[in-house]
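Letters A, B, ... mirror the listed sequences (proteins, then strands); counts begin at 1.
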2 protein chains.
Amino acid sequence: MKEALRKKGVPLTPQRLMILDVLQGSHDHVSAEDIFHEVQKSYPYINISTVFRTLDLLKDLDMVTVTDLGGGCLRYHTVTNSHHHHLICHRCGSTTEIEDSVLEPVRRAIDAGYGFEAQMHHFAIWGLCRECRHTDKEQQ
Amino acid sequence: MKEALRKKGVPLTPQRLMILDVLQGSHDHVSAEDIFHEVQKSYPYINISTVFRTLDLLKDLDMVTVTDLGGGCLRYHTVTNSHHHHLICHRCGSTTEIEDSVLEPVRRAIDAGYGFEAQMHHFAIWGLCRECRHTDKEQQ
DNA sequence: ATGACGATTGCAAGTAATTGCAACTGCATA
DNA sequence: TATGCAGTTGCAATTACTTGCAATCGTCAT
């Protein structure tokens with residue numbers, strides 16, 4: 001990741017290096033606040049807007065994905081070669097990871113129909129999970 | 001819409017009626033701010049949090065969709081029986097409306113694979129439009 | 001070395017949206 | 001008519017994120 005940025009001629013400042021370390025060190029979906037607090041441990045002078053601006057930069061370079069997984073803030077995730085998406089139940093809040101291949105037919109249909117290159121790297125798909133669908137039916 | 005709310009036993013306060021009128025009167029995708037200013041014309045004492053809380057209520061009842069179409073704020077749209085989605089080019093900003101049927105294979109695959117009822121009523125799909133893909137290739 | 005430049009940063013102020021809370025409303029019940 | 005209560009509203013404060021701007025940094029030519 002650092003190598004890729006260097007190749008593109010993007011200046012690797014100390015702040016950016018620390019943010020990258022946190023992003024790559026955590027395999028979860030982290031919030032800007034998470035990163036901010038983690039970097040603060042070693043460099044207390046870091047500013048939250050630097051974190052947001054770095055994440056923005058990485059997003060524009062397609063190196064991180066930004067997703068609203070609920071919980072009141074956006075979540076950031078480094079782009080790996082195997083994309084994935086999330087099913088989120090808006091009743092019970094449970095989440096399930098799904099493979100990117102599920103979205104492939106849509107990508108193809110959009111390309112064929114509109115010539116549009118859909119970059120769906122990390123989607124949050126809201127709905128009702130298996131369990132909540134069943135309790136719904138029982139109630140009726 | 002008002003009838004549907006009345007049936008569900010949701011109190012139809014004057015504020016809610018005015019918000020509903022604006023929502024149904026504008027066939028576009030409106031922001032909370034748009035609604036707020038429109039209602040203010042006839043009732044200057046309306047509060048922006050009432051607008052947000054009403055939109056939240058309508059969202060929970062699946063009567064409006066909430067979508068981030070860019071532009072710095074969320075856009076609200078009454079749910080009609082014919083859903084649609086948006087392709088947004090993150091290079092030139094152009095938007096294209098697409099039919100819901102494009103997402104049908106995904107809905108089916110997610111149902112078959114996970115038993116999850118995906119409620120994709122109003123998606124913003126970001127990517128590169130036909131024109132920007134071509135200029136991209138020319139540059140290389 | 002020196003100065004010019006473009007990019008980055010920290011800070012403060014701003015924006016969109018949410019939340020806590022007290023006051024109010026409509027409605028049922030005594 | 002008075003009382004209680006659930007639901008709603010307005011207000012103020014807060015949260016997540018963005019933006020404008022001055023100060024700083026790196027680096028490149030002189």
- Task: Check every strand shown and say whether B:Leu74 touches a base, only sugar-phosphate, or nothing at a heavy-atom separation below 4.0 Å.
- Result: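 Sugar-phosphate, backbone atoms only, no base.
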
Can you check the [X] [atom1] to [N] [atom2] distance for me, whole Å?
X	N	atom1	atom2	value
B:Arg75	C:dA17	CZ	C1'	14 Å
B:Leu57	C:dT18	CG	P	13 Å
B:Asp68	C:dT15	CG	C1'	14 Å
A:Ile48	C:dT9	CD1	P	14 Å
A:Leu12	D:dG26	CG	P	13 Å
A:Leu17	D:dG26	CG	P	13 Å
A:Ile35	D:dA16	CD1	P	14 Å
A:Phe36	D:dC17	CZ	P	13 Å

- Message: For a quick check under 3.5 Å, do A:Asn47 and A:Ser49 share a side-chain donor-acceptor pair by atom type?
- Response: yes

- Query: Is the closest side-chain donor-acceptor distance between A:His84 and A:His77 under 3.5 Å?
  - Reply: no

Polar atom pairs (N or O), protein with nucleotides 10-15 of chain D, under 3.5 Å:
residue	atom	partner	partner atom	Å
D:dG10	OP1	B:Gln15	NE2	3.2
D:dG10	OP1	B:Tyr43	OH	2.9
D:dG10	OP1	B:Tyr45	O	3.3
D:dG10	OP2	B:Asn47	N	3.4
D:dG10	OP2	B:Thr50	OG1	2.7
D:dG10	N7	B:Arg53	NH2	3.0
D:dG10	O6	B:Arg53	NH1	3.4
D:dG10	O6	B:Arg53	NH2	3.0
D:dC11	N4	B:Ser49	OG	3.4

- Residue A:Phe52, side-chain heavy atoms: nucleotide from C:dT9, D:dC17, C:dA17 that is nearest: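 That would be D:dC17.
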
- Nearest-nucleotide pick for A:Thr13, side chain only, options being C:dT9, D:dT8, C:dA17: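 For the A:Thr13 side chain, the nearest candidate turns out to be C:dT9.
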
- Query: For A:His90, which residues count as a side chain to side chain contact (heavy atoms under 4.5 Å, CB included) partner, sequence neighbours excluded?
  - Reply: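 Applying side chain to side chain contact (heavy atoms under 4.5 Å, CB included) to A:His90 gives A:Trp126, A:Leu128, B:Gln119.
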
- Report the C-alpha separation of A:Val22 and A:Asp34 in whole Å, then their side-chain angles, then the decisive distance to 0.1 Å, and conclude whether the side-chain contact (heavy atoms from CB on, under 4.5 Å) test is met. CA-CA 9 Å; A:Val22 175; A:Asp34 292 339; over 6 Å; no

- Query: Side-chain contact, heavy-atom cut-off 4.5 Å: A:His83 with A:Thr65?
  - Reply: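 Side chain of A:His83 against side chain of A:Thr65, heavy atoms only: no contact under 4.5 Å found.
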
- Message: With a sphere of 6.0 Å drawn around CD of A:Glu99, does it hold more than 12 non-hydrogen atoms of other residues, nucleotides or ligands?
- Response: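 No, the 6.0 Å shell around CD holds no more than 12 heavy atoms from other groups.
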
- Between B:Arg108 and B:Asp111, does at least one N-O distance fall below 4.0 Å, as a salt bridge requires? no

